[in-house]
Amino acid sequence: MLKQTLIKAAEAGAAVIQEYFEGSFEISNKEGVNNLVTEADHASEKAIFEVIKKEFPSHFILSEEAGEIVMDSTYKWIIDPIDGTVNFAHGLPLCCVSIGVENNGEMVMGAVFNPFLNEFFFAQKGYGATLNEKKISVSKETEVMKSCLVTGFPYTYLDLPNGPLEVFSRLIRKGVPVRRLGSAAMDLCWVAAGRFDGFYEHKLQAWDSAAGFLIVEEAGGKVTDFSGKRYSPYQPQIVATNSLIHDELLSWIHNHG
Ligand code: IPD
Ligand code: CA
Ligand code: CA
């Protein structure tokens with residue numbers, strides 16, 4: 001029942017964003033510059049909530065636009081109604097619905113659905129990861145120099161030592177291809193599918209990564225923070241790789257040289 005509801009909820013959100021994509025919709029700004037929210041984000045969230053609340057009215061919900069619906073439950077649904085809102089607002093089909101389900105503090109299921117590419121990624125803890133119901137696994141690349149990486153940049157630039165542009169520049173100057181799709185959930189799923197060898201980002205929120213990080217782990221990858229500790233979606237930094245380049249990518253991130 002949990003799995004069916006998760007799939008139904010992701011499909012419901014995706015149907016809404018697909019409908020809005022072709023037409024016109026209201027766009028407003030959140031905190032920061034170009035941190036957008038559209039009518040479609042709210043409508044997708046509403047459609048997702050309806051599906052979940054029908055089956056599991058007592059579950060806790062954490063969702064980007066609505067915030068927390070606090071319930072005394074071991075289950076928590078972590079929802080991004082559109083991941084890649086800036087892409088969505090500009091008519092770029094690189095955006096998706098992302099929903100993770102946590103039980104007792106452990107991510108147990110995740111779904112990421114990009115209806116424009118018709119790509120539905122799913123994982124259940126201990127049962128592997130799939131793309132459109134076919135098993136997926138991470139790449140076999142062993143060297144960062146031969147890898148294709150992906151990253152993202154926060155809405156408000158982090159002017160820190162080893163901040164996003166410094167790490168990006170370090171890799172690019174050495175000739176390592178680093179892409180920027182604008183959807184962390186897709187970045188993670190594309191690592192899981194072996195398209196990218198690794199992904200890192202300095203500042204994510206739980207809803208950006210909750211589903212994707214389980215999908216990477218279940219596809220055989222490794223996900224940590226910048227210190228190499230197992231990833232928690234409640235802290236900002238993420239490194240997700242095929243596991244083989246993980247330590248090397250961490251040292252690129254920390255090497256100021
Ligand atoms: C954003 C995307 C982007 C990442 C940002 C996120 P949103 O989410 O995942 O790739 O770089 O940090 O905020 O705002 O499109 O849901
Ligand atoms: Ca997001
Ligand atoms: Ca979002």
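Atoms within each ligand, like the ligands themselves, are counted from 1 in listed order.
Comment: E106 engages R230 in a salt bridge, judged by a side-chain N to carboxylate O separation of less than 4.0 angstrom. No salt bridge links E50 with K54; every basic N to acidic carboxylate O contact stays at or beyond 4.0 Å.
In the displayed structure, Y155 atom OH is contacted under 6.0 Å by more than 12 heavy atoms of other residues, nucleotides or ligands. The number of heavy-atom neighbours closer than 6.0 Å to CD of E133, taken from other residues, nucleotides and ligands shown, is 12 or below.
A parallel orientation is assigned to the rings of H59 and Y75, their planes being inclined by less than 30° (bins at 30° and 60°). In this structure, H202 and F226 have perpendicular ring planes: the angle between them is above 60°, well past the 30° mark.
Protein residues lining ligand 1, listed by chain and number: E64, D80, I82, D83, G84, T85, G152, F153, Y155, G182, S183, A184, E201, K203, L204, D208 [non-hydrogen atoms, distance under 4.0 Å].
No donor-acceptor pair closer than 3.5 Å links the side chain of R179 to the backbone N or O of C148.
By the criterion of side-chain heavy atoms lying less than 4.5 angstrom apart, applied directly or through intervening Ile, Leu, Val, Met, Phe, Trp or Tyr residues, I136 is grouped together with V191 in one hydrophobic cluster.
Protein N/O/S atoms found under 3.0 Å from the Ca ion (ligand 2), listed by chain and residue number: D80 OD2, D83 OD1, D208 OD1.
E45 and S63 share a side-chain donor-acceptor pair at under 3.5 Å.
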